[in-house]
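Since the structure comes first, as structure tokens, the remarks are kept for the end.
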Amino acid sequence: LGDNRGSAVTDDALIALAQHGDRAAYDMLVGRYRELAWKTALVLLRSPEDAEEAMQTAMLKAWLHLGSFRSGSPFRPWLLRIVGNESRNLAMARTRRWKRVVGVPDDDVLPDPSPRLDDLLIVEERSRALLQAIDRLPLRDREVLHARYVLDLGEREIAAVLEIRPGTVKSRLHRAIERLRLQARDDQDIWP
Amino acid sequence: MNLEDRLDRLRQDVTFPPAPESATMRWHEITPARSHVHKVLAASAVAAVILILVLVAVPDTRSTLARWLDLGAIQVRIVDRFTEDGEETSPLDPLVVGEPVAVNDLTSIMALPGQAPDAAYRHVFEDGSTAITIVYRDDEAHPEIESSGVGIILTVADAPFGMMGWVKQAESPPGASIVTVRGVDGVWILSGQLVIERDDPDGSFGLSPTTRRTGHVLIWQEDGVTYRLETRSSRSDAIALAESLVPFPEPK
């Protein structure tokens, strides 16, 4: 393909080349999903530095495991699964490490010190209260809502990122929206 | 507008910061692994670090996260709000960094390779231990810290905690995070506050009038020596800076 490789080249072709060790093909392949991978890691970790680290590790692992990638499968959910997995690993390691250093038992629950999502993103004023309301929900609820409505992922991709069964995505989304609706009723003064 | 419609509109209403250039495949990481000896040395360095962890009772006004730890000569304290008492001082206040010394007089410190510091300061404590501070002017790669004309401040101290009386305060959130730097545990603090505490005659610490909002700070300890690197750069850039430090003057 030489220097003529462009967007007309399919993922499958790039994967085949990358599986044979073509680094340029792999760079092009992951480059197509770099922004989405970055957004996913940022939403899950809420730290640009950690998101960057998770992305770098995910890309490295994807390269190392590319040999086991099933030909003909979509690459995007496969990569997103690795990004989601690395982000969760990093988040857990960060919490464990922090507890160890400050001398808190592993099973202690500490307040989440992460910045709010609306502090990390540029948010139109009309949607700020909604994003903040989602942030106040339990982790499970807000993860699935962020994946669906902020990252705009499909069910299969949400399942990959959150490592849940595709059938669970719908029910979890439904429950999360109901909790959000209840919260909206309670917060009518700030969220008409 | 109902909730579902508002949720559907959300994706149009948020803008993410662009992915950093460095968030890409790092091919150099799949080059041949480091030697066994190197790995053993790195593991030994990790094992050599001792973090003294002490939990204290905190005033009600602080959050449950308000805890502190001593990292070598510096105490890192997580607080709800920065200390409001005290006078804001400059990054190179003599009370903090000591007296200026000639860069050429420096021995046995760490510095950026091939780049002599622009200024140096020495603070000698009552027990004879020393803190050396070297500074580099700001440039394109190293943004200015708090209108000081300085891009990097590196303090190297062999003093035990209590002698320096330096307290690094981090607000939570975002607070501080534990990082690996030069093979040991360190602490990365986003835009914190430095408080200088004086040793009162009765042995307790009292707040001195000296406080300062700081850039981002990376603190770690190697072989009993405490390092404090202050910069406006990102965490990964600060760690890269720390990793690149070499003995100064650079061996010829």
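Below, read A as the first sequence line, B as the second, and so on, with proteins coming before strands; counting in each chain starts at 1.
Both the backbone and the side chain of Arg148(A) come within contact range of chain B, with heavy atoms under 4.5 Å apart. The parts of Asp50(A) that come within reach of chain B are both its backbone and its side chain, each placing non-hydrogen atoms under 4.5 angstrom from that chain.
In terms of heavy-atom pairs under 4.5 Å with chain B, the best-connected choice from Leu120(A), Val30(A), Asp27(A) is Asp27(A). Top candidate by heavy-atom pairs under 4.5 Å with chain B, chosen from Ile177(A), Val123(A), Asp152(A), Val150(A), is Asp152(A). Chain A forms the most heavy-atom pairs under 4.5 Å with one residue out of Thr15(B), Asn2(B), Leu7(B), and that residue is Leu7(B).
Using a cutoff of 4.0 Å between basic side-chain nitrogens and carboxylate oxygens, Glu53(A) and Arg235(B) are scored as salt-bridged.
A distance of 5.0 Å separates CG in Leu151(A) from CZ in Phe16(B), rounded to the nearest 0.5 Å. Expressed to the nearest 0.5 Å, how far OH of Tyr149(A) lies from CD of Glu4(B) amounts to 6.5 Å.
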> Do Leu10(B) and Ile134(A) pass the side-chain contact (heavy atoms from CB on, under 4.5 Å) test, and can you show the C-alpha distance, the side-chain angles, and the key distance before you say yes or no?
Replying inline: CA-CA 11 Å; Leu10(B) 198 50; Ile134(A) 294 173; 3.8 Å; yes

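Taking both residues in full, the closest heavy atoms of Pro17(B) and Trp38(A) are given as O-NE1, 2.7 Å, listed atom of the first, atom of the second, then distance. Counting all heavy atoms, side chain and backbone alike, Pro18(B) lies closest to Glu35(A) at CA-OE1, 4.1 Å. What you find for Ser236(B) and Glu49(A) is that their closest heavy atoms are N-CG, 4.5 Å. For the residue pair Arg9(B) and Ser127(A), the shortest heavy atom distance occurs at NE-OG, 4.3 Å.
Taking 4.5 Å as the limit, every side-chain heavy atom of Asp118(A) sits out of range of all side-chain heavy atoms of Val14(B).
A 6.0 Å sphere centred on CZ of Arg126(A) holds more than 12 heavy atoms belonging to other residues, nucleotides or ligands. Counting non-hydrogen atoms of neighbouring residues, nucleotides and ligands closer than 6.0 angstrom, the CZ atom of Arg11(B) exceeds 12 such neighbours. Within a 6.0 Å radius of CG in Leu139(A), other residues, nucleotides and ligands contribute more than 12 heavy atoms.
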